[in-house]
Amino acid sequence: MQDRLIQQRIEKLERMREQGIDPYPHTFAVTHTAAAALADFEELAASGETVRLAGRLMAKRIQGKAGFANILDSSGSIQLYVRKDNLGDAFGVVKLLDLSDIIGVEGTLFRTRTGHQTLEVRRLEVLAKAIRPMPVVKRKGMGAETDQAEVFDEVTDKEMRYRRRYVDLVIHPEVREVFRRRAQVLAGLRRILDEQGFLEVETPALQPLYGGAAARPFVTHHNALNRRLFLRIADELYLKRLIVGGFDRVYEIAKNFRNEGMDRTHNPEFTALECYQAYGDYEDMMRLTEEIFAGLARALTGGTRVRYAGEDVDLTPPFERLTMDAALQRYAGIDLDASNAEILAACDRHGVESVDEDEPRTRLLDMLLREVVEPHLSGPVFLLDYPVEMSPLAKRKRGGGGEGRGARVERFELFIRGTEFANAFSELNDPLEQRARLEEQAAARAAGDDEAHPVDEDFLRAVEHGMPPTGGLGIGVDRLVMLLTDQHSIRDVVLFPAMRPEGGEVEGEEPGGGQGDPCH
RNA sequence: GGGCCGUUAGCUCAGUUGGCAGAGCAGGAGACUUUUAAUCUCAAGGUCCAGGGUUCGAUUCCCUGACGGCCCA
């Protein structure tokens, strides 16, 4: 059993203590990372300079009174050479070391007979004894911890990797790399927006009313105020309040929470960038989107063409523009203003299954788009000019449209490989029309559309104070990271993805039967 | 929500046409002072995901469930 392995490690830990060794000391001063030591290897080896490194013991090849080991730190791995001649009595602790212990070493660099760059250890300290064994993954070639190495006994159990990401990160260099690149994407987004004068802000994640997207929220409860709060599904309505407040360019990189299913492109909490630019419109947002996608691709890969799932994706601006009218004609053979019956007929014609005829028109259109149009949008392509009833926060298209059905709004979504990556509008800033649109939403809601917006009076009050013409843009950051790291599941770009609870424990159920104090 | 597949030692996996299971790695003991999937010798390690059914007997067959993966809505 695993307990036996843990017990053996605890016994070693006790033996260390008997020898006067503290297995959990407070600090260890390092002079280099493994990568830095290897980068400056020739110099350091020639000068015989003392190098101090610390990391996790990943491999051990002991040969009697000497031996080799590899440690892994955040920069990579390096080989160690330990011998009794150098360590004296301290060589005894080597026997008490297990794989995945954290150690600190001091010594000099040299090259072995077989040419491997190695640290000859003169002092060795235990920094943290690990009592739980990790999966052992061996690598052949190029030392140990490199891309080209052939891998043995790789851990393929996705469940374990997601649930115990700490283990996944230790044993998979490529997973560490994905999350480094994720950090680069976030830093790159901030850099691009900061350079253009956008101000990074933070708005409430706990909201008395939710809005800014069509989605169902998570509901929670604030004990002190004894009132219901929602986790945000979007930060749009707060960022627009800030535009009213006079910050002409704002952005937020925020966790949003949507109470919906999980799949390869959906996690119940996810990261979105939203930015708003006063005196701009959706044309400006298209240009900004192109700059962001191309700029990040350049920052991460050096060019604007990236590989995804074995195919080229060309993120070189400008991206194609396609109106929704044209897209529906082209791919569904239907007019955007078609009746419900015509939409249903088109769904049927294109083999869309399980269509509920009683759904509202917007839902039917949405389904037709998702099933029939979007799969064709390999992109990158801006799908433009949505029907007004699908976009309660977007401004009517200039110079056309008119009232009621048939009206279009200035809105686009960016599609790449059939997946939505961005959503943007020329923001509606006419307070009377905004009120009317939200009231329509409220009516749809009352009629059973549980993704329709509630009316947010405070938001309307802000817009009544005067909101400048504004362009707004939202980008799904997780999907963007997937695109730029060639990962095919959102779970591979979220450090701790949502999972069903492990084991049979029934924790985390609905507390307290619905109403009242959900605590205790 | 539906379909298919998976769950066996700490890890990667075999296997049992139904008779309580094996290998490699890791771990233990021993040998080995420039190895690298180090090597060699020996010993040990299991609720075969859970529950029910069929059966003299189930890890194996059937049903239900849990969790996960892939595909579809």
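Below, read A as the first sequence line, B as the second, and so on, with proteins coming before strands; counting in each chain starts at 1.
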Practice task
Please state how far atom CZ in A/Phe68 lies from atom C1' in B/U39, giving the value in whole angstrom units.
Solution key: 14 Å

Problem - Check ion pair A/Arg176-A/Glu174 (N to O, under 4.0 angstrom) - result: no

So which protein N/O to nucleotides 11-15 of chain B N/O distances come out below 3.5 Å?
{"residue": "B/C13", "atom": "OP1", "partner": "A/Thr156", "partner atom": "OG1", "Å": "3.3"}

Problem - Stepwise side-chain hydrogen bond (donor to acceptor under 3.5 Å, both in side chains) test for A/Ser77 and A/Arg139 - result: CA-CA 12 Å; A/Ser77 114; A/Arg139 297 186 141 74; over 6 Å; no

Exercise for the section: Can you tell me the distance, in whole Å, between the CD atom of A/Gln79 and the C1' atom of B/U34? Expected result: 9 Å

Handout entry: Salt-bridge contact A/Arg56-A/Asp73 (side-chain N to carboxylate O under 4.0 Å)
Key = no

Exercise for the section: Identify the nucleotide, in any strand shown, that forms a Watson-Crick or G-U wobble pair with B/G24, with both distances under 3.5 Å; if there is none, say none. Expected result: B/C11

Handout entry: A/Lys158 vs B/G6: side-chain N/O to OP1/OP2 distance below 4.0 Å
Key = no

Handout entry: Flag if over 12 foreign heavy atoms under 6.0 Å of CG, A/Asp263
Key = yes

Exercise for the section: For nucleotides B/A9 and B/A21, find the distance between their P atoms and express it as a whole number of Å. Expected result: 14 Å

Handout entry: Span that lies between the P atom of B/U41 and that of B/C25, in whole angstrom
Key = 10 Å

Exercise for the section: Using the P atom as the reference point in each nucleotide, state the distance between B/G10 and B/C48 in Å, no decimals. Expected result: 12 Å

Exercise for the section: Determine the contact category for A/Phe110: base if any of its heavy atoms lies under 4.0 Å from a base atom, sugar-phosphate if only primed atoms, P, OP1 or OP2 are that close, otherwise nothing. Expected result: base

Practice task
With P as the reference atom in both, quote the distance from B/C62 to B/A23 in angstrom, rounded to an integer.
Solution key: 29 Å

Practice task
Write down the distance separating the C1' atoms in B/A58 and B/C20, rounded off to the nearest Å.
Solution key: 9 Å

Handout entry: Span that lies between the C1' atom of B/A26 and that of B/A38, in whole angstrom
Key = 15 Å

